[in-house]
Amino acid sequence: MNLDDIKELLKAVTDSDVTELEVELDEAKVRIRRGAPERESAPQPPYVVVASGAMPAGVTAPALGPGPVPQPGPTPKASPETPEASEDDGLTLVPSPIVGTFYESSAPGSPSFVEVGDKVAVGQVLCIIEAMKLMNEIESEVAGVVVKRFVANAQPVEYGQSLFAIRPVGA
Amino acid sequence: MNLDDIKELLKAVTDSDVTELEVELDEAKVRIRRGAPERESAPQPPYVVVASGAMPAGVTAPALGPGPVPQPGPTPKASPETPEASEDDGLTLVPSPIVGTFYESSAPGSPSFVEVGDKVAVGQVLCIIEAMKLMNEIESEVAGVVVKRFVANAQPVEYGQSLFAIRPVGA
Amino acid sequence: MIQKILIANRGEIALRVIAACKDLGIRTVAIYSQADREALHVRYADEALCIGPPRSAESYLNVPAVISAAEITDAEAIHPGYGFLAEDAAFAEVCEVSGVNFIGPRSDVIRLMGDKARARKAVAAAGVPVLPGSEGPVETEAEARKEAERIGYPVIIKAAAGGGGRGMRIVRNARELEQSFHQARHEASASFQCADVYLEKYIQRPRHIEFQVLGDQHGRVVSLGERECSIQRRHQKLLEEAPSPRVDAAMRAEIGKVLETALSRVGYSNAGTVEFLMDEDGKLYFIEMNARIQVEHPVTESVTGIDLVKAQIRIADGEPLDAILPEKIEIQGHAIECRINAENPETFAPSAGKVTKFLPPSGIGVRVETAAYSGWFVPPYYDSLLAKFIATGRDRTEAITRMKRALEMSVVEGVHTTIPLHSRIMSDEDFALGNFDTRFIEQLQQKKKAASTVG
Amino acid sequence: MIQKILIANRGEIALRVIAACKDLGIRTVAIYSQADREALHVRYADEALCIGPPRSAESYLNVPAVISAAEITDAEAIHPGYGFLAEDAAFAEVCEVSGVNFIGPRSDVIRLMGDKARARKAVAAAGVPVLPGSEGPVETEAEARKEAERIGYPVIIKAAAGGGGRGMRIVRNARELEQSFHQARHEASASFQCADVYLEKYIQRPRHIEFQVLGDQHGRVVSLGERECSIQRRHQKLLEEAPSPRVDAAMRAEIGKVLETALSRVGYSNAGTVEFLMDEDGKLYFIEMNARIQVEHPVTESVTGIDLVKAQIRIADGEPLDAILPEKIEIQGHAIECRINAENPETFAPSAGKVTKFLPPSGIGVRVETAAYSGWFVPPYYDSLLAKFIATGRDRTEAITRMKRALEMSVVEGVHTTIPLHSRIMSDEDFALGNFDTRFIEQLQQKKKAASTVG
């Protein structure tokens, strides 16, 4: 059974008036439910919550794989700020591609590469991340307007931490 | 069984007035439900609910919910037989009120108190459970017909284990 | 050789007994109430039998059901664990007449130890130091007054049949005596259906210290050293350790020797614990004996290397202590046990419910005893003990350090636990120095309150 | 004194290092890949930092990211655990030049030990018995033939830069030599970018035995006795124990002494393991040295009472072994470790996925090292070690009994594990007698097949 098969099953269930479907086929296990899930999270017997919570557990999860892991990890304690903006708002987040220290300008006292409100072009330098004494220029991958900066000058950043939010031109 | 078979089953269920269907065919297992899961929201204390389903089974168990306590608990390894009948079929199950040994008659060689097919009245003795050398007569709480006996003569029974299924008069 | 044992208990102690049986190659029968179908002792035993509804009176305390379960499963012996039927002399007697091997002392010895006044008299006769007190029950106020003056104020009045603090009255001077005496008799009568009370010397700041003993069925009794159990709240132990920071080798040997003589004389067999109070000068006074395995037995196991539950079973099977114990009992290192209860750490209200996450600690120097797991539902019918964390080290400091780490590197979610309280104890200076008595927890709570008032 | 340590690893070993740091009062920094956001080392460390995407090459093996993480968190030292960067001499060197304290041997010593031929020469010079073999790489077929005749058939040809069985060829007689020599060079070249091969005496039924050592930065090296690691499958250890059923006190002392001299001479510091093969006559031959803490270190900890990871950190901090170790190293009791891998116990195929239920064993004589928990997702990117169960006992029999019980009283659902395989090992007669060599697992599988054919 592959992802397409599961999608097909989903459609079939949607077209029927069935509320629950479980399939065990070869090595795969699929369980589909729908309708009033509020009830289950309320005064339900405990194990039902377990079953319903994390979607069809078992085999489907692996299939989805890690991929773009959702940010809210358990304790990224080192990251003091977390982005509130998201791509849903039409904004593009610029994540740090490496671990290091964020610098807003090329040297102390120099003007910042960009300020909130600035227009930026593709390839324009947004900031520097220093790692092991190397200054890595971070360039914008979109053209747009800088809407927010998440990190203070000289602040450490972890991999994937959001640095800027940019509203792409035309968005 | 393949996907098309499952889709066909889904359609068949939708077109029928069946609320639940379970199929085990070769290596495959399919379970389909529809309609509101009233049974799950039954006002049972959670631990009782836990007690009911065949918990270790993993995914299917939680969905089953409480209902008419199916015997296959986690490891009542001492109970060799389990009832298939349930109150849903209009049958009344007679559970053993104590731990002990089941006897069908008052003495070896004597006729059984009741046989399958017999009519029984309220208060009529169905069997004896011996515990600590004491013979405890188990009386029927309903009037009806004995439809099934779950336990062999001289077999040990645990608390709550089903002994008989009785179809109440008029049911 | 015993082939099959029925475990008349639940929770972590049921698992503890299953482990000992497995280590001895003995088959096990678990019994359970309807509330415990998902319990681990049901899963890990070779057989399991439902014996009744959730309420203990109708299941774990239901003697006919328990005996009957042993009969239909052909179990030759019953291990009662602690609590429930463990110190019920009548149950032990039913086992004896039913031909079931009760893993514990004889029923008459259990009965003797259950009567505090008689127990005290019995051990005092063999030289065990007891609290100065009345010889048996005190019937009249006049008699009580005379005894109090002989013992010296303050004194404490206790119910002869009592336990758990009920029916106790502290009397600081002659003026308070009359009222307290009558109140104590009244409470004793109401709580235990027996108005008998006795008088004892009252220790202001006692430490609670207990000795672990093992006796075989051939008249030999051996002391395995002491446990320090002063960290309690309302007479409920929260934390135990071995050895005690206040008992040295000489005192351990001296008390051990006198206990061995005294208990051998009363025919004590199997595991037992002799409880003492220690006064401010470090003197020990016998208070009572518990004729069973205790919750806190693992700390003794850790420092002696002896598996006490295995020993219990082998004793019940008739083996002599010579075959079970090493020639010389040595106390090595230090061990601490924290009781992780499903309780609010501030109010101590029991917290039943679903344990949504349960990640026990692990690693070097850490032992865990538990029947909990992620997704388990703590039933409201039984005690609130969720797990025991036991940390061992070469010395007390190392044991404390490791316990601190174990408390930090574990997760319990869904119910309140006493973990935060234990973390505070582990960081307390007086605890680190071994400076504490049975009022420690009370003082710790006050310290916290004071700190939060200042802040 | 080191104040903060960055742990350049994940899984159970990261938790093990966090525990040691907590026991020493040192703060910890966890690093993690995007696949490990829900990992316990992230939860239990004082700080945690995401350093890259799931693939190890871009995260745990990414030297600039690791060093940078240490810099921005002000960690003064890095503990590499095992695997990943643990024996990467270049990484150790980067640490040295970056002023970060690498918790392990000096980079030049790691480099020496990484070159098997040089390592062998170095220890042989100091009197450590080595397998009869060629002095360094053998360049031509003629040279190989001469060496093989000197050593005596069977011989084995190995890649100088190799490991894990690749590039190895067994040669049973002169006729096979030509083809095997060229094949081995070809494989070595393809696998390790270096065609150099050397020759060694081939032992038909070897046992794998290794010695744990600790060296301080002041020239002192101490041996902590051996571990028996013969239970392997395709050179992957599955079960280890200490002591070895085939090493007696005299041999332990003799090998220990010669190792202490040899490793002191090469300037070895921190923890390390010296691997030997034992031939059918019980003679030991050095094969290689691992310049790191090993997966199986807990069995040595259990029988010596020494916390090896704490020792590593204190050594890196400059403390002498005199301060860290007791005066005399004593081996007490017996310990066995079972590696519980998320693998199919028949096919050994890794089994990534969600661990729906994880109930580790607990109780007397059982230690667990794990980073797994109910609901955790075993990522497919890293090794398959789910947990280590360590059982200790007064003797080997007790340790086996307790391990058997631990395997029975634990639950892992959602992924396959090697638990059933270990249960079979624990019940095997030859294992109980200590009669086994590195082909044990192969034979066990054959036994099972034979049994099922008969049945």
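Residue numbers begin at 1 in each chain, while the letters A, B, ... track the order of the sequences.
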Chain D contact via L15(C) - side chain, backbone, both or neither, heavy atoms under 4.5 Å
both
Contact class of P298(C) relative to chain D, heavy atoms under 4.5 angstrom:
neither
Under 4.5 Å from a heavy atom of chain D, the part of V309(C) involved:
neither
Closest-packed option against chain D by number of heavy-atom pairs under 4.5 Å, given A20(C), G363(C), P361(C):
G363(C)
Kindly provide each donor-acceptor pair between chain C and chain D shorter than 3.5 Å, listing atom names and distance.
{"residue": "K22(C)", "atom": "NZ", "partner": "E408(D)", "partner atom": "OE1", "Å": "2.5"}
{"residue": "D23(C)", "atom": "OD1", "partner": "R405(D)", "partner atom": "NE", "Å": "3.1"}
{"residue": "D23(C)", "atom": "OD2", "partner": "R405(D)", "partner atom": "NE", "Å": "3.4"}
{"residue": "D23(C)", "atom": "OD2", "partner": "R405(D)", "partner atom": "NH2", "Å": "2.7"}
{"residue": "R43(C)", "atom": "NH2", "partner": "E413(D)", "partner atom": "OE2", "Å": "3.0"}
{"residue": "Y44(C)", "atom": "OH", "partner": "S410(D)", "partner atom": "N", "Å": "3.3"}
{"residue": "K310(C)", "atom": "NZ", "partner": "E398(D)", "partner atom": "OE2", "Å": "3.1"}
{"residue": "S362(C)", "atom": "OG", "partner": "V368(D)", "partner atom": "O", "Å": "3.3"}
{"residue": "G363(C)", "atom": "N", "partner": "V368(D)", "partner atom": "O", "Å": "3.0"}
{"residue": "V368(C)", "atom": "O", "partner": "S362(D)", "partner atom": "OG", "Å": "3.3"}
{"residue": "V368(C)", "atom": "O", "partner": "G363(D)", "partner atom": "N", "Å": "2.9"}
{"residue": "E398(C)", "atom": "OE2", "partner": "K310(D)", "partner atom": "NZ", "Å": "3.1"}
{"residue": "R405(C)", "atom": "NE", "partner": "D23(D)", "partner atom": "OD1", "Å": "3.1"}
{"residue": "R405(C)", "atom": "NE", "partner": "D23(D)", "partner atom": "OD2", "Å": "3.4"}
{"residue": "R405(C)", "atom": "NH2", "partner": "D23(D)", "partner atom": "OD2", "Å": "2.7"}
{"residue": "E408(C)", "atom": "OE1", "partner": "K22(D)", "partner atom": "NZ", "Å": "2.5"}
{"residue": "S410(C)", "atom": "N", "partner": "Y44(D)", "partner atom": "OH", "Å": "3.3"}
{"residue": "E413(C)", "atom": "OE2", "partner": "R43(D)", "partner atom": "NH2", "Å": "2.9"}

Per-residue tally against chain D (heavy atom, under 4.5 Å) across A372(C), A19(C), G333(C), G365(C) peaks at A19(C)
